[in-house]
Chemist: 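Below you will find the structure I want to go over with you.
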Amino acid sequence: MRLKTKLVLAITLLVFLIAGLLSLVYVSQLLHSAIQQSYDTNRLVANQVRFALQNALEAGLKDQKVDPNNPGQLRNLAAEAVRDNAALQAVIDSVNRYSLTVYDINIGDNQLSTLLSTNPENEDKPLPARPDYNQLLDANPVGLMQEVFGPPKVYDVVAPLERNGQPFATVHVGVRTTFLRAVYEPWLSATITLMVLVLGAALIAAFLLSNLALRPLEEISLQLDYWTAASEAAGEDEKKEAAKGDTAARVSNKIDFIGQRMRDVQEVFSALKENLDQILGNLQDGILLFTGDGRAVLVSEAARRFLAIDRNAILGRHAREIFDSSTVLGQMLREAFDAGATLAQVEIRTETGRRIQVSLDLIHDDRTSPGLGALVTLHDLESVEEIGSELELSRRMAAIGRLTSGVGHEVKNPINAIVVHLELLKTKLGDASAPAVRHLEVIDAEIHRLDRVVQTLVDFSRPVELRLSEQDLRPVIDDVLALAAEELSTHNVTLVSRLPSKPLVAKIDADLLKQAVLNVIQNGAQAMEQGGRLEVVLEEEGKTAVLRVSDEGPGIPEEIREKIFDLYFTTKSGGSGIGLAMTYRILQFHHGSVEVESEVGRGAEFLLRIPLAATEWGRRHLPPASTANGKGLAG
């Protein structure tokens, strides 16, 4: 069965049930009203008979002497008075003749014996046992219809007559259900016929309205054809099979098809957006794409550094809300947006002295005169120069490392030969108290010191075998803190740490990273000669783990700040200048970076950045370390 047919039948059946139920309720209420009307009429008849009975008794018993101890005498006198009263008989005959629903009338005494009846055979006999008419009034609609239209029954409408406050006689008006049915059946039939006609009209109207209501499905189907016509996903056989079905089924199939296409497009869009976000995250330039009405729809991660606004707070906002007119950059871009002018690689210097190259390109096509939108590009000139300097430094240090490795190897052999011959010379001199022996011991000590320096140089230049695995950084940092805590306490240094509650997983060589972090912690502790507070904080910044190590030392002067990562550079007596160099090199192995922020007199803060696991989040990392690369600070 077609879906449209099912819908029409369902609506029609629903209307039929509602109309039928209302019709039954109406008929039952109408019948109940008829029963109530018959009761009111027959109750009036009973009262009239009772009044005539009262007059007959008063007239018949007047001047009669009754023995109070002889109830039978009173009963006989009452029966004679009732039966001989012409007025009472006339009333009863009139009611019996003209009332359409009255079956009979019986007058009984207080002993329930019949004094007078429209049926003479009932006189002096017990009153007929009949149900009270109130039972019809109290019956439910179904029971009422069963009583009226079922087997014939007679119900009594009773009117009592009292004497001296005691029951003396009763008037019973019998109402037969067949009479009720005969009286009210014609107009009940007319009412039911009318209800059937109304019900039929309702069914026809429901059928027509159902078809009319479903007719827009044809128009919807045609509109859906417009959206699905260009698709090649459905074959010709599927289209022919769909055409055979009813309209509702075709519309349902087309909606399912369009829904599937939308889901596919959404998946593709999500994948493209994820790739685009990753590309934008890798860019060092700030990129902002605006719609034709000036609202940001695409923002790169680097734009946050230029505008000092969170990336999510920029999306959806108007250019006037994003660019602050109190800044050089914001004022220039706002004026360009307001004037609809382009900016071609304009170089500005911000309030902090930072050099930025700004470009604003308006996007147009042949059909939209106002334009499709605008593209803002922010280029950090100083970062480009820093990257170039780091690359050049990395190349130079790699070359120096290779040279140092060769020199160390060549110097190591002569030193070994000198040590051997020096020992032979000591043996030949023999006398340990000879003046020459003291000079030989000095030479021996200096040769061993030179050997240690060369060995350190060779170790630093030796290739490192990384053992990378995904690990939570928190236990790694905990191990370093536990290792350094005892030593720091002896130097009156208070170690304070703050680690995140959730894991920060990165792909690392745990032993090397521990060495790098320990070098930075020891460097900070050594900077505080009188002791102080050393704070270690691990946190997540974007998609990078950042370890902050800050001390309360004298700070690092600006003139030597760029030299602290040079190999063998140290400001401490007895320092080797290798500790921070090794940290720098280890961070290179992990594609991370190390930075230092310092203010003279207020201590220094080292920031170790490590990419989180399984991704390359687009930060500018240090160049990959060469096996001979060397750059550092005395530890």
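What you see is a predicted model, and the numbers here were worked out from it, not measured in a lab. Both backbone and side-chain heavy atoms feed into the values below; hydrogens, waters and symmetry mates do not.
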Chemist: Does either side chain, that of Q331 or that of E335, offer a donor lying less than 3.5 Å from an acceptor on the other one?
Modeler: yes
Chemist: Going through the distances and angles, do T350 and I356 end up as a side-chain contact (heavy atoms from CB on, under 4.5 Å)?
Modeler: CA-CA 7 Å; T350 65; I356 297 177; 3.5 Å; yes
Chemist: Testing the basics here: between A525 and L488, what is the closest heavy-atom pair and its distance to 0.1 Å?
Modeler: CB-CD2, 3.1 Å
Chemist: Would you call R533 and D551 a salt bridge, taking side-chain N to carboxylate O under 4.0 Å as the test?
Modeler: no
Chemist: How are the rings of F337 and F290 set to each other: parallel, tilted or perpendicular (split at 30° and 60°)?
Modeler: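 Judged by the thresholds at 30° and 60°, the geometry between F337 and F290 is perpendicular.
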Chemist: Are L547 and L607 close enough that some pair of their side-chain heavy atoms sits under 4.5 Å apart?
Modeler: no
Chemist: Report yes or no: does H590 contribute a side-chain atom to a donor-acceptor pair with the main-chain N or O of D509 at less than 3.5 Å?
Modeler: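 Looks like yes, one N/O pair under 3.5 Å.
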Chemist: Taking the side chain as C-beta and beyond, is there a heavy-atom pair between I477 and L499 under 4.5 Å?
Modeler: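 Of all side-chain heavy-atom pairs linking L499 with I477, at least one is under 4.5 Å.
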Chemist: Using 0.5 Å steps for rounding, measure from the CD atom of E486 to the NE2 atom of H491.
Modeler: 11.5 Å
Chemist: Do other residues, nucleotides or ligands put more than 12 heavy atoms under 6.0 Å from E540 CD?
Modeler: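 Yes, enclosed.
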Chemist: Evaluate the criterion side-chain contact (heavy atoms from CB on, under 4.5 Å) for residue pair E605 and V549; output intermediate values, then yes/no.
Modeler: CA-CA 5 Å; E605 182 180 46; V549 181; over 6 Å; no
Chemist: Can L378 and V376 be said to form a side-chain contact (heavy atoms from CB on, under 4.5 Å), step by step?
Modeler: CA-CA 7 Å; L378 305 175; V376 175; 4.0 Å; yes
Chemist: Which value, rounded to the nearest 0.5 Å, describes the distance between R602 atom CZ and S550 atom OG?
Modeler: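 Those atoms lie 13.5 Å apart.
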Chemist: Does a side-chain N-to-carboxylate-O contact under 4.0 Å join E539 and R498?
Modeler: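 The answer is no: the pair does not qualify as a salt bridge.
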Chemist: Treating S598 as the side-chain partner and I556 as the backbone partner, does any N or O pair qualify as donor plus acceptor under 3.5 Å?
Modeler: yes
Chemist: Search all heavy atoms of K514 against all heavy atoms of V476 and return the closest pair with its distance.
Modeler: CG-CG1, 3.8 Å
Chemist: L518 and A484: which non-hydrogen atoms are nearest, and at how many Å?
Modeler: CD1-CB, 3.9 Å
Chemist: Side chains of I508 and L473, heavy atoms from C-beta outward: is any pair under 4.5 Å?
Modeler: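 Touching, per the 4.5 Å side-chain cut-off.
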Chemist: What pair of heavy atoms forms the shortest contact from G531 to V493, and how long is it?
Modeler: CA-CG2, 4.2 Å
Chemist: Nearest 0.5 angstrom please: I287 CD1 to L298 CG, how far?
Modeler: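 If we round to the nearest 0.5 Å, I287:CD1 and L298:CG are 8.5 Å apart.
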Chemist: Please tell me if the side chains of Q588 and V594 come closer than 4.5 Å, counting only heavy atoms from C-beta onward.
Modeler: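 The answer is no, as the side chains (C-beta and beyond) never meet within the 4.5 Å cut-off.
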Chemist: If you take all heavy atoms of P611 and A506, which pair is closest and at what distance?
Modeler: O-CB, 3.5 Å
Chemist: How about CD on E347, more than 12 heavy atoms from neighbouring residues, nucleotides or ligands closer than 6.0 Å, or not?
Modeler: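 Buried by this count: over 12 neighbours within 6.0 Å.
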Chemist: Is the closest side-chain heavy-atom distance between L612 and T544 below 4.5 Å?
Modeler: no
Chemist: Are V517 and V536 packed together at the side-chain level, in the sense that at least one heavy-atom pair is separated by less than 4.5 angstrom?
Modeler: no
Chemist: Using a 4.5 Å cut-off on heavy atoms from C-beta on, say whether the side chain of I521 contacts that of L534.
Modeler: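 L534 reaches I521 side chain to side chain.
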Chemist: Are a donor atom and an acceptor atom from the side chains of D264 and Q260 found within less than 3.5 Å of each other?
Modeler: yes
Chemist: Quick one: pull up CG in L468 and CZ in F589 and give me the separation to the nearest 0.5 Å.
Modeler: 10.5 Å
Chemist: One thing to verify: whether E535 and R548 come together as a salt bridge, which I'm taking to mean a side-chain N less than 4.0 angstrom from a carboxylate O.
Modeler: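 Looking at E535 together with R548, the answer is no, because their closest N to O distance does not fall below 4.0 Å.
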Chemist: Within the structure provided, determine whether R474 and L538 are in side-chain contact (heavy-atom separation under 4.5 Å).
Modeler: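 In contact.
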Chemist: Give the intermediate values and the outcome of side-chain contact (heavy atoms from CB on, under 4.5 Å) for residues Q357 and V346.
Modeler: CA-CA 5 Å; Q357 188 180 82; V346 178; over 6 Å; no
Chemist: Roughly how far, to the nearest 0.5 Å, is CD of E595 from CZ of R609?
Modeler: 4.5 Å
Chemist: My understanding is that only one of L504, V546, L513 makes a side-chain contact (heavy atoms from CB on, under 4.5 Å) with I610; could you say which?
Modeler: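 Answer to the side-chain contact (heavy atoms from CB on, under 4.5 Å) test with I610 among L504, V546, L513: L513.
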Chemist: Using only atom types and a distance under 3.5 Å, with no angle test, would you say the side chain of Q522 pairs donor to acceptor with the backbone of N519?
Modeler: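 Here the side-chain-to-backbone pair does not exist.
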Chemist: Rounded to the nearest 0.5 Å, what separates atom CG in D361 from atom OG1 in T377?
Modeler: 6.0 Å
